[in-house]
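To start, the structure itself, in structure tokens.
Sequence lines set the chain letters: A, B, ... in the order given, protein chains first and strands last, and positions in each chain run from 1.
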Amino acid sequence: GQAYQSNVNDSTNTKTKSDDNNKPLRIAVAANFTPVLKVLLKDFTRQTGIKTQVISGASGAMFLQIKYGAPFDMFLSADSRRPKELEQAGYALKGSRKTYAIGQLALYSSSNNSNANSLGQLSLEEELAVDQLRKPPARFAIANPDTAPYGKAAKEALTHLGLWQLYESRLIKGINIGQTFAQLRSKAVTRGIVANSQLVLNNLSGVIIPSNYHQAIEQQLIIIRSSKQQTAAEKLSHFLLSAQSQNRIVSYGYAQTQLVNNANKKLSELTAK
Amino acid sequence: MMMSKTKLNKVPTDEYPQLNINIRVSYQQFELAINLPIPLKGITGIFGHSASGKSTLLRAIAGLEKTLIGDITLAGANVADNILVNTEQDHYLKPEARKIGLVFQNSRLFEHLSVLGNLEFSVKRCKNRQLDLNEVIELTELTTLLEHQVNQLSGGQQQRVALARAILAEPKLLLLDEPLSALDQHSKTQLLKMMLNIQKKLNLPMLYVSHSLDELQQVCDTLLVLAKGKVVNFGNIHQIIHQLNNFGDYTLIHQQTSLSLPIKQFNNGHGLAVLALNAQQDIYLTSDKAFENQTQLRCFILASDISIALTEPNNSSIVNHLFGIIKQISHRENKVLLTINCGSQEFFVTISAFSQQKLSLSSRQQVYLQFKASAVRTFIH
Amino acid sequence: MMMSKTKLNKVPTDEYPQLNINIRVSYQQFELAINLPIPLKGITGIFGHSASGKSTLLRAIAGLEKTLIGDITLAGANVADNILVNTEQDHYLKPEARKIGLVFQNSRLFEHLSVLGNLEFSVKRCKNRQLDLNEVIELTELTTLLEHQVNQLSGGQQQRVALARAILAEPKLLLLDEPLSALDQHSKTQLLKMMLNIQKKLNLPMLYVSHSLDELQQVCDTLLVLAKGKVVNFGNIHQIIHQLNNFGDYTLIHQQTSLSLPIKQFNNGHGLAVLALNAQQDIYLTSDKAFENQTQLRCFILASDISIALTEPNNSSIVNHLFGIIKQISHRENKVLLTINCGSQEFFVTISAFSQQKLSLSSRQQVYLQFKASAVRTFIH
Amino acid sequence: MINSDLQALVTTLEMAALTTLILLIVGTPLAWYLAKMTSRFKVIIEAVVALPLVLPPTVLGFYLLIAFSPEHLPGQLWQQATGQQLAFSFSAIVIGSVLYSLPFVVQPLQKAFEQLGDSLLEAGALLGAGPIDRFFSIVLPLTKASFITAASLGFAHTVGEFGVILMIGGNIPGETRVLSIALFDHVEAFDYARAHLLAISLLIGSMVLLAAIYWLNLPKRSNSKNLSQVRSVK
Amino acid sequence: MINSDLQALVTTLEMAALTTLILLIVGTPLAWYLAKMTSRFKVIIEAVVALPLVLPPTVLGFYLLIAFSPEHLPGQLWQQATGQQLAFSFSAIVIGSVLYSLPFVVQPLQKAFEQLGDSLLEAGALLGAGPIDRFFSIVLPLTKASFITAASLGFAHTVGEFGVILMIGGNIPGETRVLSIALFDHVEAFDYARAHLLAISLLIGSMVLLAAIYWLNLPKRSNSKNLSQVRSVK
Ligand SMILES: Nc1ncnc2c1ncn2[C@@H]1O[C@H](COP(=O)(O)OP(=O)(O)OP(=O)(O)O)[C@@H](O)[C@H]1O
Ligand SMILES: Nc1ncnc2c1ncn2[C@@H]1O[C@H](COP(=O)(O)OP(=O)(O)OP(=O)(O)O)[C@@H](O)[C@H]1O
Ligand SMILES: [Mg+2]
Ligand SMILES: [Mg+2]
């Protein structure tokens, strides 16, 4: 991803001027969501006139950076754990934490005729996934289960199928889901579990792994408490959670979020009590 | 044997600057221990066997020997009293502040600069320049080499560049460590002449290390002889050479009579110059254009070049016949060294034991010394 | 003027190896052009002004000059015909395969090794060793320096290590580029003696570059004179020196008579050695222990050391009186050079124009040459 | 689109140039000191200088981030002195790069100074040249090749640096977003076409730059005696 | 837990040692060739050697991964020769590290060889030493310090390497999981205590190692003439 600004000159202004209104809304976003966000932001800027700047990166690094004073206004993480931690540590605007997307795993194979396996009925999908997974290749790529949410979910799915033992020694672990995808694209490893959105964005096809095999990959956002543009950030938060945006997000290979956000709300209400 | 200080006080210290050295430089197998005031008059020669400490002494004066203990001061008429180093007072003047030049035994040219660049290095850093760059270039015969890289030069060419570079810095004292060792006789002569000229022009004292006593005899007033890190002789060069004749190490020098005499006649019409030895007697030598502007000439006569006759010789091509009285006769192996007084001047003559037997010379005997005009040698002519 | 090949064929090529050189080395301002077969008999001297191309010639023979065009072959009795380089045939023998040693003008010692390490470097790479390491160490007086780092050595010490190192490699041909320039007279003499011994012991031919004709006269059979990159003289050293007397550059040499004579008597009982000049006449010189084992002696008499008498001189300490006939008289400025035949041997005598006037010598006149025993010089004694 | 890459290029060049400059200014005296130092502390200083090499850049970046944050002393001092936050600023990535690339500048220079020896410096001193003068008139020209190596290693390493800069810079366009991060982003964002394009431009650009630097350094030696003799002793 | 870090340590040391060895074996002749080469291609080769510096490691890793995959020639050749896949193997991270660290070994050696000059090599040749002999008996001892610099730069840089190894190694425990990756994982997994511990151990360990290396290199010079004169010309 790169900076999205309606006016490039603004970027130079950010260095010198401290006029908040002139500063674009700075959004730190997990790399896997960057392309989708960029598409959505075009509409957002058109509708609200709010200029934005996208900073794409690894959630882990951004998490640390926010803790040490990074000048971000908003953080779209690839997981829910880091936003939660930031919220608890007081770096997030109270109540700003929202699930903006739910990741979907897909089994990708760069070598075989995976084109035939177009997305179809759930049952068929399930069958295909299990079918393919039962024949483990020599090397299999997933994101690091210890640090990356998509990796953790992949591990859960494999465990769910009782295949974890079989796979554990064959794993190529990417630092995040982006690197896993790059490793697969290089064809050095031919099969692995990636984010479905990555496949959609690149016009590739794979087999979706049923979401009930693993805990939901909630991708949450927060608004940074020290931000001077909290209103604009809140507007964007609303925009992203709007039904229209959510539909577009889902069309990029993410799962439906409605349910989860409600559940989430309940959960936070409960914990608040 | 180190000279006592009293003896050295003969040289008037209020006229010339003086280098007072009282140092000790120690290495594993070698120690240089010098305690000596050196009057900086003209060129002072430093002479000694290989590894006697000549280079170490020069390096110490220049401020390059860091294991040095002791002190060196440069005191005198024209120079403000100047402590170069005093380890007791923890005083140490940096080499670059000493205004002392040194031509190293190995030339140490700057490889990244051309010949001209090396010379300009000095010129740029010289305040109150008195010498003309082009003149020095001409005198050192570097004109055609100016654009050369220094690593393309022959051994002799490198030495000439190093010498020119040191002179162009116009230091207060110039130290020369065998600066002409890679040069042929002709170039040596030319460069020694140049150095004498510059010495006078800038009134620049020099310390000159060489293995060639001939070279030193021609340009030095004072000679310092080193052996194993100690001063074994120091004083007027003629005296020292005569001392070496009697006591000195055979291997060190050719025995010789060393003279500085007034020129009586530049050319007697027969191509001979005439030097006044004393009121009665003259010495003849082949005349040379270079003598024209001089009133005094430095020359030496090898003891082996002089022969003895009992009667005044005739019918011989030998032009110099001096009457003298034998002062001393000393034998060494098959040779006999005679010390003969001609007036107040001592002459040294070696003859074979065979001749001595034949002539049966004895002390206080009157004899004639004979030597050819060409036996009166001047290194520079 | 280059010597014709026919003239050189006098030296029997079937007895000694021969170095055939036909090369051209070009630099911007200098060209070395040599076309010459050099018979490798004993030590061959190379003499010439600074920058005349001496070092370049040695480097070319050693295989270090890469701009060289032409060919060098090492041919002869003991050595299989051996093309060192032939640029036409694109043949080039690497320096390490040539078995040629070179003592560089600057010593080039290995800084990471001790003195002993430098010597052992050679010893390790020498097959069929004939020399004893300890003996060479003793002869070069390095015994106490073995553990020293080479950058702690004095200039003269460095040269001795370089010489010892080159000798210990026991090459087929040894090239020496002013190997003794930083040494005093005594060490020079000692080392020249050593080199002569080793030359004979190993039958190792040497090319010896020096600025000192005295040095060369004592050790060389053949002399090569270079000027501006060309050979101006080549042949028997005595002949060359006599040629230089007549035609040579004044600045190059002291005019002299150069001799190799049989020793008739090692000591005549009066401390004099007797050399046979011819059937009738002898030459006396101061005896020396070193003559004892020799049958032939190399010596020279400076033209300026000989004087002329019209009658046989008496009552003089001069022991040598030779009868001769003036062959030639040539004037130069205030000096006169006489060439005098004593039997078949030519002698060269310089006298002053004044003496010539006084004695009015003329060609074919009979005269007595007189010179002291000590005027018969041997550099090494 | 391309604009943002251009902007990153400008930031990169600014950062690398400034870093190299600082590295030379800081590294030269440090290297000189180490080369001439004989104390036993020398090895410790040498090891400290070499340390940035051993830590993975991201981890080094992590510790620098902590140090640069306003909560810790270095960051605090900076804020007091300049009134601005250090972390996530252009200054931060320059400081980070300087620390990270220091060994690449110090070590070649140190070795060059050590090999130089004292003989020519002694000669210079006796011609009246003081320490600074000697440095510029003798040391610098004689070790020019090593300075070029040091500067180009430092520059190139700074251009290629990624982990440290990403961590302490925060990838802020126009300020701390440099080319290496942009390139990484393209790969991460599956924008391979642009990634390839950028990588190839970067490769060609640096190759031209490096070749130019080395070429500048070449002719000086071409007519030296050594060179003409190379074949003989290879 | 600690076991896994120990395992990573072993892998790291194996990798770094092997890489350094290969770097010296490959880098020395390359550096020699570059030092003595006079052709105009020299600048191009020099630039190519320096290239790994300019590319961000992850990007370099990505391209290497493509090359190493069985679909492309290098990977194919490897597979044919060894019967094993290259990507994600120990061999892959060693090769990647060699490429990545090459400039750190080649450049100091090249400069050292250039500064050495020919005069001592000529002297060696005329004493009968052939090229190999000369290298070991003259060049190597005289440039020992630069070899130590080159080896320690190469070793340290390999230990600290992260991006390339992660991409082409795939973080496989006991095979390609090295210390720098383990350290990064701890940070990412919020396991700061272990991260700090590992980082500090790494720092201390490398510092001791580096200090030992530099110290080994120290005494050699201590009694040379140059050293005793240092003060005079500083
Ligand atoms: N740094 C040093 N370490 C140990 N010994 C040294 C050092 N420098 C000089 N020496 C020793 O000191 C002695 C005197 O050396 P110096 O160079 O002064 O001699 P020199 O009289 O100049 O001789 P030469 O005429 O051969 O140049 C020598 O024995 C030498 O080995
Ligand atoms: N690589 C080179 N490039 C250019 N000129 C050179 C080169 N090498 C030597 N020369 C020139 O060749 C000439 C002869 O040099 P050489 O070293 O052979 O002289 P030499 O007879 O040994 O003199 P010296 O007695 O002074 O050592 C000199 O004028 C020198 O400048
Ligand atoms: Mg000396
Ligand atoms: Mg020479």
Side-chain angles (χ1 to χ4, degrees), chain C residues 55 58-59 61-66 93-114 117-129 147-154 157-158 161-162 164-177, chain E residues 28 32-33 35-39 42 108-109 111-151 216-233:
Chain C
S55 300
L58 295 196
R59 291 177 56 85
I61 297 170
L64 302 177
E65 286 292 342
K66 298 313 301 170
L93 199 61
K94 285 184 183 162
E96 61 264 31
R98 293 189 181 193
K99 307 214 167 170
I100 292 178
L102 172 53
V103 177
F104 291 88
Q105 206 166 356
N106 51 348
S107 316
R108 303 207 186 177
L109 302 180
F110 299 126
E111 285 160 35
H112 58 294
L113 299 174
S114 65
N118 269 273
L119 303 182
E120 282 176 342
F121 189 98
S122 290
V123 172
K124 275 181 206 151
R125 285 159 185 82
C126 170
K127 291 174 195 88
N128 311 321
R129 282 172 54 199
E147 298 309 318
H148 275 57
Q149 292 299 113
V150 294
N151 54 5
Q152 296 173 355
L153 299 179
S154 81
Q157 290 170 337
Q158 286 177 8
V161 177
R165 187 179 69 173
I167 287 171
L168 285 166
E170 299 182 26
K172 292 252 168 293
L173 167 64
L174 182 58
L175 312 175
L176 301 152
D177 199 351
Chain E
T28 305
W32 183 261
Y33 183 66
K36 298 298 171 188
M37 190 178 175
T38 57
S39 134
K42 174 176 169 154
L109 291 183
K111 287 295 158 301
F113 295 157
E114 280 170 4
Q115 277 204 11
L116 190 62
D118 285 321
S119 70
L120 292 183
L121 293 178
E122 287 183 356
L126 290 173
L127 295 171
I132 306 290
D133 186 355
R134 284 201 296 273
F135 179 79
F136 285 102
S137 62
I138 302 173
V139 178
L140 194 61
L142 283 172
T143 55
K144 202 182 106 196
S146 291
F147 269 93
I148 289 177
T149 298
L216 269 182
N217 199 25
L218 200 61
K220 179 73 189 156
R221 300 175 60 239
S222 67
N223 55 357
S224 89
K225 193 160 193 168
N226 282 347
L227 219 72
S228 65
Q229 293 149 12
V230 161
R231 259 178 35 211
S232 64
V233 286

(request) Please tell me if the side chains of E:K144 and C:H112 come closer than 4.5 Å, counting only heavy atoms from C-beta onward. (result) no
(request) Taking the side chain as every heavy atom from C-beta outward, state whether E:L142 and C:F110 have any pair of such atoms under 4.5 Å apart. (result) no
(message) Distance check, rounded to the nearest 0.5 Å: C:E111 atom CD versus E:I138 atom CD1?
(response) 11.5 Å
(request) Indicate the atoms forming the closest heavy-atom contact of E:A123 with C:R108, along with that distance. (result) CB-O, 4.0 Å
(message) Quick check: closest heavy atoms across C:F121 and E:S137, and the distance to 0.1 Å?
(response) CE1-OG, 3.3 Å
(message) Please give me the minimum heavy-atom distance between C:A166 and E:L127, naming the atom from each residue.
(response) CA-CD2, 4.2 Å
(request) Indicate yes or no: at least one non-hydrogen side-chain atom of E:L126 is less than 4.5 angstrom from one of C:L64. (result) yes
(message) Quick check on C:L175 against chain E: is it the side chain, the backbone, both or neither that has a heavy atom closer than 4.5 Å?
(response) neither
(message) Which residues pass the side chain to side chain donor-acceptor pair (under 3.5 Å) test with C:R98, not counting sequence neighbours?
(response) none
(request) Return yes if some donor-acceptor pair links the side-chain N/O of C:R125 with the main-chain N/O of E:A129 below 3.5 Å, else return no. (result) no
